[in-house]
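Along the sequence shown, residues are numbered consecutively beginning with 1.
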Amino acid sequence: MSQIAKKHLLAGIIFGDPETGEYIYLPGGEVGVREPLCVFEHARQTEDISLEKAGELVEHLTLKPCTHPRLGHRSF
């Protein structure tokens, strides 16, 4: 997993693709938790995923930092 993507997620950066409606972010309530869970939004549903899996999906789906339709530029 990209250490940069991991650090960006931990800092509240939202990764996504507005055209496909796929977003990955770390909710504010997960900050400081030993094993934080990220949210993966896709196909009009949400799924909790590990930080490791989130980093893999950011790279695999080539998601970029973006603005979320509800959350804005940052998740917290």
*Could you pull out the closest heavy-atom pair between Pro27 and Cys38, with the gap in Å?*
CD-CA, 4.3 Å

_Residue pair Ile49 / Ala54: nearest heavy atoms and the distance that separates them_ = CD1-CA, 3.6 Å

*Distance from Lys6 atom NZ to Glu56 atom CD, nearest 0.5 Å?*
12.0 Å

*When rounded to the nearest 0.5 angstrom, what distance separates CZ in Phe15 from OG in Ser75?*
10.5 Å

*Looking only at heavy atoms, what is the nearest atom pair of Leu9 and Phe76, with distance?*
O-CE2, 4.4 Å

*To the nearest 0.5 Å, tell me how far His42 NE2 sits from Ile24 CD1.*
9.0 Å

*Grab the two heavy atoms, one from Ile14 and one from Tyr23, that are nearest each other, plus how far apart they are.*
CG2-CD2, 4.3 Å

_So, taking the atom named CD1 in Ile4 and the one named CD1 in Ile13, what distance separates them when rounded to the nearest 0.5 Å?_
12.5 Å

*Could you list all the salt bridge (charged side-chain N to carboxylate O under 4.0 Å, His left out) pairs where at least one residue sits in residues 25-45, not counting sequence neighbours?*
Glu41-Arg70

*If Ile, Leu, Val, Met, Phe, Trp and Tyr residues are connected whenever their side-chain heavy atoms lie under 4.5 Å apart, and connections chain through other members, are Leu51 and Leu71 in the same group?*
no

*For Leu37, which fellow cluster members are found when Ile, Leu, Val, Met, Phe, Trp and Tyr are connected by side-chain heavy-atom distances below 4.5 angstrom, either directly or through intermediates?*
none

